[in-house]
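The chains referred to below are lettered A, B, ... by the order of the sequence lines, with proteins before strands, and numbering in each begins at 1. Atoms considered below: every heavy atom in the structure, side chains included; atoms not considered: hydrogens, waters and symmetry mates. Because the structure is predicted, anything quoted here is derived from the model rather than measured.
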2 protein chains.
Amino acid sequence: MLSNSRLVHQPHDHRRCISAALTRARDLCAEENLRLTPTRESVLRLLWQSHRPLGAYQLQDQLAKISGKPIAPPTIYRAVEFLLKTGLIHRIASLNAYIGCPFPNSDHSNLFMICTDCGSAAEVAHSSINKLLQSTCEKANFTLQDQSLEIFGLCPNCSLQQQENGGISSADKDHE
Amino acid sequence: MLSNSRLVHQPHDHRRCISAALTRARDLCAEENLRLTPTRESVLRLLWQSHRPLGAYQLQDQLAKISGKPIAPPTIYRAVEFLLKTGLIHRIASLNAYIGCPFPNSDHSNLFMICTDCGSAAEVAHSSINKLLQSTCEKANFTLQDQSLEIFGLCPNCSLQQQENGGISSADKDHE
DNA sequence: GAGGTTAAGTTATAACATAACATAAGCAAA
DNA sequence: TTTGCTTATGTTATGTTATAACTTAACCTC
Ligand SMILES: [Zn+2]
Ligand SMILES: [Zn+2]
Ligand SMILES: [Zn+2]
Ligand SMILES: [Zn+2]
């Protein structure tokens, strides 16, 4: 099981997450002759500012602030489309939001563990889940093409806090 | 594994699907003292007209046609909200669409097998997937609350047709 | 630097969803 | 059977997410 759950949900040097992601992105684009333009790179960087998924219009606001000029929705959606296609980010359908992929180019489960309290989302690549789904599909004569697995609950941090103080939200706390 | 995949993807007397669903709904609402009003029942019936998920505005159009008067979005969303809360339907996040639940009141996987060709969606309750997810969450100290599992591919029918004629879409064919 | 290709800017609008407030229907007790 | 409470619906407006269509600019190749 390839998981970044521990990393996401524990204090860590998040600058390293960001720089590693950007390096991976540059390498991958160089290899495949794709253009990681300034806009695309900015959107990717924004998505790596935290381990929480961001919506298109949050990206729009933040990019406008950074670049000091108004940004129209298509600009964001085009960057997002590119990053999705190259596998550098994922879309989380139940949130209408996007998040950086910690292991592009590897095998994927498209499984996300999303905290309903703090909003963080951890991607998990889990080969036994993939196998189980695959065999389920085979039994049903269903030709599997893609999957979207989103599970909701309390991340380790928020679980602990719930137990400790009886359920006071930590939604505004940040644990990058 | 409790699956209605076979039923969904094979020719069957679909009137029985509809009437069974409505009977279940009436019983369930009677038991729990909930009001299955005409609007709510109409929306449920519309969602059972086929095994394809319908969006809110498709429901709006169709309900308007049936009732002979314009219907505003809130009417649909309220009915949908009620049916979701009572477990009679599900939302399919990646499609922004809704579909009737074939086994309300049972244990759920919230797992849908969605055909990318004909659009049909079959719900599957799969205890080993649930167990696997549960144990995965436990290992990660993640407190599972809810899940949304959507897998995409070709249903048995469309798989066959692809093999036979080399990939001509059957999106406009109906196999209720 | 001409010409093709890809990306970004711009404007408008489609598609999905909810807020807020007014009205009506259902129901239980006075 | 009126009163008053609760729940459901009607109505209008608006918020949120996503894309269409067309123009301009940047990039790359020859
Ligand atoms: Zn990924
Ligand atoms: Zn959390
Ligand atoms: Zn169900
Ligand atoms: Zn099909």
Dump every N/O contact between nucleotides 24-30 of chain D and the protein below 3.5 Å, one line per pair.
none

Please enumerate all protein N or O atoms sitting under 3.5 Å from an N or O of nucleotides 19-22 of chain D, with distances to 0.1 Å.
| unit_1 | atom_1 | unit_2 | atom_2 | d |
| --- | --- | --- | --- | --- |
| dA21(D) | N6 | R78(A) | NH2 | 3.2 |

Does [X] put a side-chain nitrogen or oxygen below 4.0 Å from OP1 or OP2 of [N]?
X	N	answer
T75(B)	dG10(D)	yes
T39(A)	dA7(C)	no
N96(B)	dA17(C)	yes
Y98(B)	dC16(C)	no

| said: Checking T86(A) against E32(A): is there a side-chain donor and acceptor pair closer than 3.5 Å? | reply: no
| field | Modelled atom types, side-chain donor and acceptor of S94(B) and E150(B), under 3.5 Å | value | yes
| request: Inspect the surroundings of CD in E81(A) and state if more than 12 heavy atoms from other residues, nucleotides or ligands are less than 6.0 Å away. | output: no
| request: Would you kindly compare P70(B) and A97(A) by the position of their nearest DNA chain D nucleotide and give the one closer to the 5′ end? | output: P70(B)
| query | Is there a donor-acceptor contact under 3.5 Å from the side chain of N110(B) to the main chain of D146(B)? | reply | no
| request: Determine, for R45(A) against E41(A), whether the closest basic-nitrogen to carboxylate-oxygen distance falls under 4.0 angstrom. | output: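 A salt bridge links R45(A) with E41(A).
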| request: Can you sort out the partners of R16(A) under salt bridge (charged side-chain N to carboxylate O under 4.0 Å, His left out), two or more places apart, ordered by chain and number? | output: none
